[in-house]
Amino acid sequence: MNNSEVSKVFEKIAGLLELKGESVFTIRAYQRAARTIEHLPTELAQMIKEEKDLRQIPGIGEAISSKIKEMVTTGQLEYLENLKGEFPDGILALMDVPGIGPKTALRISTEMGISTVDALEEAIVEGRLATMPRLGEKTAENILRHIRSLRTKDQRIPIGRALGVAEQVISALKRACPGIHQMDAAGSLRRWQETIGDVDIMGTSDDPAGVIDSFVGLSMVEEVLVHGPTKASVVVHGGLQVDLRMVDDDSYGALIQYFTGSQQHNIRLREFANRMGLSLNEYGITDVKTGRVEKFTDEGSFYTRLGLQFIPPELREGLWEVDMATRQELPSLVEVKDIKGDLHCHTNESDGRDQLESMVNAARAKGYEYVAITDHSAGRGIANGLSEERLKQHMQNIWDLDRSLSDIKILTGSEVDIRSDGSLDYTDEILAQLDIVVASVHSAMGQEREKMTDRIVMAMHNPHVDIIGHLTTRLLGERDPVDVDVEAVFKTAVETGTALEINASPERLDLKDIHVMRARELGVPLIISTDAHATEHLDSMRFGVAVARRGWCRSADILNTRPVGEFLSFLRR
DNA sequence: GCCGTTTTCGGCCCGACTGTTTTCAGTCG
């Protein structure tokens, strides 16, 4: 069982314990464990293999630790099976509908004999649900709406799209309303989580009501859900929900802290504050004894008041960040401005849109010291991959351009296919002539775990391979990751000195955050590249940097923060 | 069920909204 499966089991247990009327603190303990495990960088199975004490993980004690061991070693959990037996089938599915909690689910199930969402929908349409005591028309209607929206819209959307929407909204409002003082996206977007449920925007202004009015009137707005004087919710084209909340300047710090979350981070922070005799909410910090409330115009002073180092939003997942901030031990995270070069770019010689010169000029405009041109190898026929002949000519063109420019070093490279048997798409002679070789999987993605792992490990043992591109080949919301033993790949990377790419394309984000965290722990060389297929894609670097930050990377953990000379000596090592 | 700069026992984040209600339970984030 992998971590996400274990996490889901604990979610289920929490749900069933709610139905059972178990202590809310027990329920909360399981929920917390589930969320923590979801964000854990290391596979629990790996930790057990290495005989690590699972109780080192925050929120995991004796009972949960032994349940994890049972699951990982036997593939099931007796406790869950027994618990399930106490309730009708399907009841957890009912609880997945927003608006239906344990109490309602139990009543629907026992009093009406309904155990599926479909049957529930039918009952509502026929008016049967509304006849139950304490469940009126409005409740029934509300549940129906949620059932239907669960079916019609994607739950979470990739961050690339959500960020685009948020930036459009913010810039449109700033243009329309000169009285805006501050305005930022909060929530999972500000934490740069890879998928986003809805967009939360906070702001302050001379004329909050005017800003709200402009917001609901934006051309991209399809439906207005709520429209009050300080808060509004809308649905924009594509079905994404956007909330805007306007507050007073002196509340802004506490508010954006609160709405940035995560919920788990806020809980940790509030527990910590409680031990200091302070109580936190979205309006400020209250001294419990005196009842005096302190307000904060910015988030930095909020954390400072608690005696904490500022915690970057990307770290706010409720793991160790609060503890480390108390000791001022949070790392200084890598930033976009630290990046000195992009190492994965395509031109129109293979499947890119723009010419070599354009791509290089775009990289120069970024102030990069180096850029690698890595068009596809021949095996990618569909991507207009380069034969050895064409590659040689392409290299010549790159050398010529490189000689004519003094402010940037252009590296000759290739994104070479790792074939299904682990061999590479170019001969070693050709690879040896390139400055940089990115090796990636583009085919036979359905291979079973062992074969896929061997295939990639074999490529890493080729001395010409510098970087493994987009390790899992996933496309967010479109294509699942391949099944690969990530731990084995990381160990090989350390042995062979092969770097792993954090592919910054917002469709990929591959490695993902928790993989980056684990890779960094193990000392895997990491680089961040955009995989640009057009000049504007070079802007995606910020997504890759965000993933690296979510993996707790400092600039020293990322190879392409090194100046050109140092980077070239890494390549020639 | 977890956890500790008061505690190995006795606490556990905090507030808002909604609906069917005469004071609140249920749900959500």
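Just so it is clear: chains get the letters A, B, ... in the order the sequence lines come, proteins before strands, and each one is counted from 1.
Within the nucleic acid shown, A:F259 has no heavy atom closer than 4.0 Å to any nucleic acid atom. The residue A:V97 sits close only to the backbone: its heavy atoms come under 4.0 Å of sugar-phosphate atoms, none of a base. A:I27 comes within contact range of no nucleotide atom at all, as no heavy-atom separation falls under 4.0 Å.
Contact annotation: side chain of A:Y283 to base of B:dG15, donor-acceptor pair absent below 3.5 Å.
For the 3.5 Å distance criterion, the side chains of A:D510 and A:T472 qualify, holding a donor opposite an acceptor. Looking at A:Q193 and A:D513, their side chains never bring a donor and an acceptor atom within 3.5 Å of each other. Side chains of A:D298 and A:S301: a donor-acceptor N/O pair is present below 3.5 angstrom, by distance only. Between the side chains of A:R55 and A:S65, no donor-acceptor pair of N or O atoms lies under 3.5 Å.
Around CG of A:N82, the count of heavy atoms belonging to other residues, nucleotides or ligands within 6.0 Å exceeds 12. When the shell of 6.0 Å around NZ of A:K12 is examined, it contains 12 or fewer heavy atoms from other residues, nucleotides or ligands. The 12-atom threshold is not exceeded at CZ of A:R134, counting heavy atoms of other residues, nucleotides or ligands nearer than 6.0 Å.
B:dT7 and B:dG11 are spaced 14 Å apart, taking the P atom of each and rounding to whole Å. B:dC17 and B:dT21 have their C1' atoms separated by 15 Å, with the value rounded to a whole Å.
Of the candidate nucleotides B:dC3, B:dG15, B:dT27, B:dG15 has the atom nearest to the side chain of A:N281. Of the candidate nucleotides B:dC2, B:dC14, B:dT27, B:dC2 has the atom lying nearest to any side-chain atom of A:A63. When distances are taken from the side chain of A:N274 to each of B:dC13, B:dT27, B:dA16, the shortest belongs to B:dC13. When distances run from any side-chain atom of A:Q263 to the nucleotides B:dC2, B:dG29, B:dG26, the shortest one goes to B:dG29. Distance from the side chain of A:R275 is smallest to B:dT5 among B:dT27, B:dG15, B:dT5. When the nucleotides B:dG26, B:dA16, B:dG1 are ranked by their closest atom to the side chain of A:I64, B:dG1 comes out on top. Proximity note for A:R28 (side chain, C-beta onward) versus B:dC28, B:dC12, B:dG1: the nearest is B:dC12. In the set B:dA16, B:dG1, B:dC13, B:dA16 carries the atom at the smallest distance from any side-chain atom of A:E282.
The interatomic distance linking A:H265 (NE2) with B:dG29 (P) rounds to 19 Å, in whole Å. One can place CD1 of A:I267 at 15 Å from P of B:dC28, the figure rounded to the nearest angstrom. The distance from atom CD1 of A:I285 to atom P of B:dC13 is 17 Å, rounded to the nearest whole Å.
Non-hydrogen atoms lying under 4.0 Å from DNA chain B are contributed by A:R134, A:L135, A:G136, A:E137, A:K138, A:T139, all within residues 131-142 of chain A.
Heavy-atom minimum distance, A:A105 versus A:M95: CB-CG, 3.5 Å.
B:dC24 is paired with B:dG19 under the criterion used here, namely a Watson-Crick or G-U wobble arrangement in which both key atom distances are under 3.5 Å.
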